[in-house]
Novice: 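Shown below is the structure under consideration.
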Amino acid sequence: MQTAAEIRHHLKRGAVAARRDDQAVLAETADWLASATARELLRIDYYARQFRYEEPALGSAKDWWLKDAVPFVAALASMHQDGYLRERAVRELCGSTGAVSDRALAVRVSDRVEVVRELAEREVLRRTALAQAEQIVPVLQRIVGRGWGSKVLGRYLGALVAAHDEASVWACLRDSGDLDVRRSAFRRSLESGLLRVSDAVRLLFRERDQLVRRQLIRVIAEGATPDVIAESLLRGRSAESRVLGLVKLTAAQLDPVDVERLLVDRSVLVRAWARRRWQEMGRDAVAVYAAVARSAAGSVVRARAYAGLVESGTELDRAEIIELAQSADLPLKKTGLSLLRGKAVAAETSWLLREMTSDEPRVARLAGEVLTSSPQLWSAADLAALKGSADSVLRRRGWWLHRSLGGWEAVIADLELPEAWDQLVLPMYVLPTDAQWQRISDLLGALSLGSKQVSEIEFAAGRSV
């Protein structure tokens with residue numbers, strides 16, 4: 001998204017090029033305007049007409065000569081601050097064809113000048129070819145929320161349907177490059193019954209937009225037969241489709257092979273529904289999880305099986321958790337560290353601090369969470385290697401861990417890291433120990449904090465004179 005200054009720069013260059021007939025700059029500006037999305041085009045129009053004390057972005061209205069102007073120049077002029085110039089530009093655009101004039105006229109249906117609005121709307125409602133609709137509808141859809149021109153989209157869609165048939169119109173708009181138009185077109189198609197269950201099944205597997213996919217999933221879940229739901233939803237890419245498939249199908253309608261596979265799905269919600277259906281089939285999910293977790297399956301699947309065991313209420317042996325946490329397989333290691341929260345012992349502190357230096361951010365984060373869950377096992381002094389590292393990432397990890405101690409230790413951590421000074425929060429109703437105040441005093445003497453901030457720290461610590 002371009003800034004207002006960048007937009008004005010392009011507009012000024014285009015206006016100067018139009019007056020001087022500079023074809024090279026005109027071509028650049030035309031490409032810039034053509035590449036703008038509908039949302040960006042309306043933004044460009046706003047900044048072109050925005051009142052400023054300096055010269056308007058498009059220059060003086062008297063400098064524009066529009067007779068026999070090419071559509072691009074007329075499109076630029078149609079965004080000018082001067083209403084009379086916009087009217088002349090719209091009349092020129094009405095006599096031209098192409099995507100440039102289609103979009104420029106669509107923008108003007110929300111013009112504040114009535115005669116300009118009426119001219120633009122009348123011409124837009126005549127342009128009902130499907131190729132023209134692809135250019136016009138995205139702009140009109142973004143005008144719906146405005147005061148002027150908000151009703152034009154409904155009238156234009158009515159004109160399109162009258163010129164073609166409803167199925168052709170919505171089929172065209174479902175292929176639009178504009179995301180909002182596609183979503184709206186799919187919704188209207190489904191509401192009108194233009195897309196059947198078989199169409200939804202066919203489109204689901206190639207659809208990438210999550211909101212459209214959600215609409216298709218619901219159609220399949222509500223109208224398809226159990227075998228189609230199983231094939232399309234239980235084997236779908238999205239967790240939402242797999243969950244909905246499990247919700248819609250009863251235990252009697254489900255294939256145990258599908259449910260057993262979903263017991264170790266990557267989604268927590270899918271696993272929960274799979275366990276429910278598995279239990280309704282009279283089977284034991286814990287036995288499946290235990291077998292998979294301790295099998296020769298891939299580490300990702302085994303990690304999900306361990307997660308399933310915990311979700312089922314199974315208490316894992318601590319020795320097994322440590323073995324997982326020290327595994328060379330990353331998924332198992334992350335699972336083990338997750339399960340170790342609140343269960344670490346003093347002998348594991350050094351190892352966990354080493355894990356804080358891991359190249360894998362997630363491993364370091366999990367090791368830090370284990371340490372923060374057992375603050376009695378370590379002290380700020382144990383973080384010296386992390387906080388004194390030449391690597392800024394490791395220093396921030398040490399700061400984060402130190403800060404987790406809270407109170408005045410968090411203040412010390414923030415003072416030790418210059419980047420964290422703006423996050424400084426002073427404790428309320430608690431005074432620092434003598435050792436803490438000595439460290440704070442040493443830091444205040446070495447830092448370039450403002451006198452006001454120093455006074456606030458001293459006051460909160462009960463040390464102000």
Novice: CG of Leu33 to CZ of Arg103: how many Å apart, nearest 0.5 Å?
Specialist: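 Taking CG in Leu33 and CZ in Arg103, the distance rounds to 6.5 Å.
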Novice: With the side chain counted from C-beta on, respond yes when Leu269 and Trp273 share a heavy-atom pair under 4.5 Å apart, and no when they do not.
Specialist: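 Heavy-atom side-chain distance check passes, below 4.5 Å.
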Novice: Counting N and O atoms only, with roles assigned by atom type, does the side chain of Arg142 sit under 3.5 Å from a partner on the main chain of Leu42, one being a donor and the other an acceptor?
Specialist: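 Absent.
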Novice: Examine distances only and state if a side-chain atom of Ser192 and a backbone atom of Leu194 form a donor-acceptor pair shorter than 3.5 Å.
Specialist: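 Judged by distance alone, no pair lies under 3.5 Å.
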Novice: Could you list the donor-acceptor pairs under 3.5 angstrom formed between side-chain atoms of residues 214-223 and any protein atom two or more places apart in sequence or on another chain?
Specialist:
from   : atom 1 : to     : atom 2 : distance (Å)
Arg214 : NE     : Glu240 : OE1    : 3.1
Arg214 : NE     : Glu240 : OE2    : 3.2
Gln215 : OE1    : Arg187 : N      : 3.1

Novice: Would you mind reporting whether Phe186 and Leu195 have side-chain heavy atoms less than 4.5 Å apart?
Specialist: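 In contact.
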Novice: Roughly how far, to the nearest 0.5 Å, is the CD atom of Gln135 from the OG atom of Ser176?
Specialist: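 Between atom OG of Ser176 and atom CD of Gln135 there are 9.0 Å.
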Novice: Check for a donor-acceptor pair, side chain of Arg341 on one end and backbone N or O of Ser338 on the other, with a separation under 3.5 Å.
Specialist: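 Flag set: sc Arg341 to bb Ser338 pair under 3.5 Å.
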Novice: Keeping Arg213 on the side-chain end and Leu204 on the backbone end, is there a donor-acceptor pair under 3.5 Å?
Specialist: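 Not confirmed, Arg213 side chain does not pair with Leu204 backbone.
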Novice: Please enumerate all residues that pass salt bridge (Lys or Arg N to Asp or Glu O under 4.0 Å) together with Arg182, with sequence neighbours excluded.
Specialist: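 Partners of Arg182 under the salt bridge (Lys or Arg N to Asp or Glu O under 4.0 Å) test: Glu207.
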Novice: Could you state the interatomic distance from OG (Ser358) to CG (Leu337), rounded to the nearest 0.5 Å?
Specialist: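 If we round to the nearest 0.5 Å, Ser358:OG and Leu337:CG are 9.0 Å apart.
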Novice: Give a yes or no on whether a salt bridge exists between Glu118 and Arg122, defined as a side-chain N under 4.0 angstrom from a carboxylate O.
Specialist: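 Salt bridge between Glu118 and Arg122, a charged N being under 4.0 Å from a carboxylate O: no.
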Novice: Taking atom CD of Gln279 as the centre, does the number of heavy atoms from other residues, nucleotides or ligands within less than 6.0 Å exceed 12?
Specialist: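 Open: at most 12 neighbouring heavy atoms sit under 6.0 Å from CD of Gln279.
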Novice: Between Arg277 and Glu280, does any NZ, NE, NH1 or NH2 come within less than 4.0 Å of an OD or OE carboxylate oxygen?
Specialist: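 Salt bridge between Glu280 and Arg277, a charged N being under 4.0 Å from a carboxylate O: yes.
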Novice: Check the surroundings of atom CD in Glu191: do more than 12 heavy atoms from other residues, nucleotides or ligands lie under 6.0 Å from it?
Specialist: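 Count over threshold, so yes.
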Novice: Is the closest basic N to carboxylate O distance between Asp329 and Arg302 below 4.0 Å?
Specialist: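 Looking at Asp329 and Arg302, the cut-off is not met.
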Novice: Quick check: are there more than 12 heavy atoms from other residues, nucleotides or ligands sitting under 6.0 Å from CZ of Arg117?
Specialist: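 Enclosed.
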Novice: Which is it for Leu234 and Asp255 under the side chain to side chain contact (heavy atoms under 4.5 Å, CB included) test, yes or no, and what are the steps along the way?
Specialist: CA-CA 10 Å; Leu234 294 183; Asp255 185 338; over 6 Å; no
Novice: Which atom pair, heavy atoms only, marks the closest approach of Ala104 to Leu93?
Specialist: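 The answer is CB-CD1, 3.7 Å.
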Novice: Roughly how far apart are Leu394 CG and Thr357 OG1, rounded to 0.5 Å?
Specialist: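 Here the interatomic distance stands at 6.5 Å.
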Novice: Is atom CG of Asp391 surrounded by more than 12 heavy atoms (other residues, nucleotides or ligands) closer than 6.0 Å?
Specialist: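 Enclosed: over 12 neighbouring heavy atoms sit under 6.0 Å from CG of Asp391.
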Novice: Does Arg304 have any salt bridge (Lys or Arg N to Asp or Glu O under 4.0 Å) partners at least two apart in sequence or in another chain, and if so, which?
Specialist: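 Residues passing salt bridge (Lys or Arg N to Asp or Glu O under 4.0 Å) with Arg304: none at all.
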Novice: Run the salt bridge (Lys or Arg N to Asp or Glu O under 4.0 Å) test against Arg403 and tell me which residues pass, sequence neighbours left out.
Specialist: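 Partners of Arg403 under the salt bridge (Lys or Arg N to Asp or Glu O under 4.0 Å) test: Asp414.
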Novice: Side-chain contact test, heavy atoms from C-beta onward, threshold under 4.5 Å: evaluate it for Phe459 versus Glu456 and give yes or no.
Specialist: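 Not in contact.
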Novice: Taking Lys333 for the side chain and Ala325 for the main chain, is one N or O donor matched with an acceptor at less than 3.5 Å?
Specialist: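 Yes, Lys333 side chain to Ala325 backbone: donor-acceptor pair under 3.5 Å.
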Novice: Are more than 12 heavy atoms, taken from residues, nucleotides or ligands other than Arg202, located less than 6.0 Å from that residue's CZ atom?
Specialist: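 Yes, enclosed.
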Novice: May I ask you to decide if Ala185's main-chain N or O and Ser189's side chain share a donor-acceptor pair within less than 3.5 Å?
Specialist: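 Indeed, once roles are kept as given, a pair shorter than 3.5 Å links the two residues.
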Novice: Would you indicate whether the side-chain heavy atoms of Val370 and Glu355 approach each other to under 4.5 Å?
Specialist: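 Answer no - side chains too far apart.
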Novice: Please list, one pair per line, the donor and acceptor atoms closer than 3.5 Å that link side chains of residues 257-264 to other protein atoms, with sequence neighbours excluded.
Specialist:
from   : atom 1 : to     : atom 2 : distance (Å)
Asp258 : OD1    : Arg235 : NH2    : 3.1
Asp258 : OD1    : Arg261 : NH2    : 3.3
Asp258 : OD2    : Arg235 : NH2    : 3.3

Novice: Looking at Ser389 and Leu386, would you say the former's side chain and the latter's main chain have a donor-acceptor pair under 3.5 Å?
Specialist: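 No; judged by distance alone, with no hydrogens or angles, the pair does not exist.
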Novice: In terms of side-chain heavy atoms, does Ser267 have a donor or acceptor partner in Arg242 at a distance below 3.5 Å?
Specialist: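 Arg242 and Ser267 do not have a side-chain donor-acceptor pair below 3.5 Å.
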Novice: Do the side-chain N and O atoms of Thr225 and Asp227 include a donor-acceptor pair separated by under 3.5 angstrom?
Specialist: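 Their side chains do contain a donor-acceptor pair, which is all the 3.5 Å distance test asks for.
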Novice: Look at the side chain of Arg86 and the backbone N and O of Ala77, then say whether any donor-acceptor pair between them is shorter than 3.5 Å.
Specialist: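 Judged by distance alone, no pair lies under 3.5 Å.
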Novice: Got Glu87 and Val113 here, is their nearest side-chain heavy-atom distance under 4.5 Å?
Specialist: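 Glu87 does not reach Val113 side chain to side chain.
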Novice: Rounded to the nearest 0.5 Å, how far does CG of Leu105 lie from CG of Leu140?
Specialist: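 Those atoms lie 10.5 Å apart.
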Novice: Please check if the side chain of Arg49 supplies one atom and the backbone of Met79 the other of a donor-acceptor pair under 3.5 Å.
Specialist: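 Judged by distance alone, no pair lies under 3.5 Å.
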Novice: Quick one, Glu231 with Val228, criterion side chain to side chain contact (heavy atoms under 4.5 Å, CB included). Give me CA distance, side-chain angles, the key distance, then yes/no.
Specialist: CA-CA 5 Å; Glu231 180 64 32; Val228 172; 5.7 Å; no
Novice: Evaluate side chain to side chain contact (heavy atoms under 4.5 Å, CB included) for Leu157 paired with Leu173, printing each intermediate quantity in order.
Specialist: CA-CA 11 Å; Leu157 292 174; Leu173 297 180; 4.2 Å; yes
Novice: Which heavy atom in Ala36 sits nearest to a heavy atom in Ile44, and how many Å separate them?
Specialist: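 Heavy atoms only, the tightest pair is CB-CD1, 4.0 Å.
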Novice: So Glu121 and Leu125, side chain to side chain contact (heavy atoms under 4.5 Å, CB included) or not? Walk me through it.
Specialist: CA-CA 6 Å; Glu121 181 178 343; Leu125 293 178; 4.0 Å; yes
Novice: Quick one: do Glu123 and Arg126 make a salt bridge, cutoff under 4.0 Å?
Specialist: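 Yes.
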Novice: Okay, side chain of Arg88, backbone of Tyr84: is any donor-acceptor separation there less than 3.5 Å?
Specialist: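 Such a contact is absent between Arg88 side chain and Tyr84 backbone.
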Novice: Search all heavy atoms of Ser96 against all heavy atoms of Arg127 and return the closest pair with its distance.
Specialist: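 Nearest pair, atom of Ser96 first, then Arg127: O-NH2, 2.6 Å.
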Novice: Rounded to the nearest 0.5 Å, what separates atom CG in Leu153 from atom CD1 in Ile136?
Specialist: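 The distance works out to 11.0 Å.
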Novice: Provide the closest heavy-atom pair for Ser312 versus Gly308 in the form atom of the first, atom of the second, distance.
Specialist: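 Shortest heavy-atom contact: OG-O, 2.8 Å.
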Novice: Which pair of heavy atoms, one from Val90 and one from Ala120, lies closest together, and at what distance?
Specialist: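 Heavy-atom minimum between the residues: CG1-N, 4.0 Å.
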Novice: Heavy atoms only: give me the nearest Phe205-Arg237 pair and the separation to one decimal.
Specialist: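 Taking Phe205 first and Arg237 second, the nearest heavy atoms are O-NH1, 2.7 Å.
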Novice: Just grab all the ring-ring contact (aromatic ring centres under 6.0 Å, His included) pairs involving residues 1-26, residues at least two apart or on different chains.
Specialist: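 Only His10-Trp32 qualify under ring-ring contact (aromatic ring centres under 6.0 Å, His included).
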Novice: With heavy-atom distances below 4.5 Å as the criterion, would you say the side chains of Leu401 and Arg397 are in contact?
Specialist: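 Heavy-atom side-chain distance check fails, nothing below 4.5 Å.
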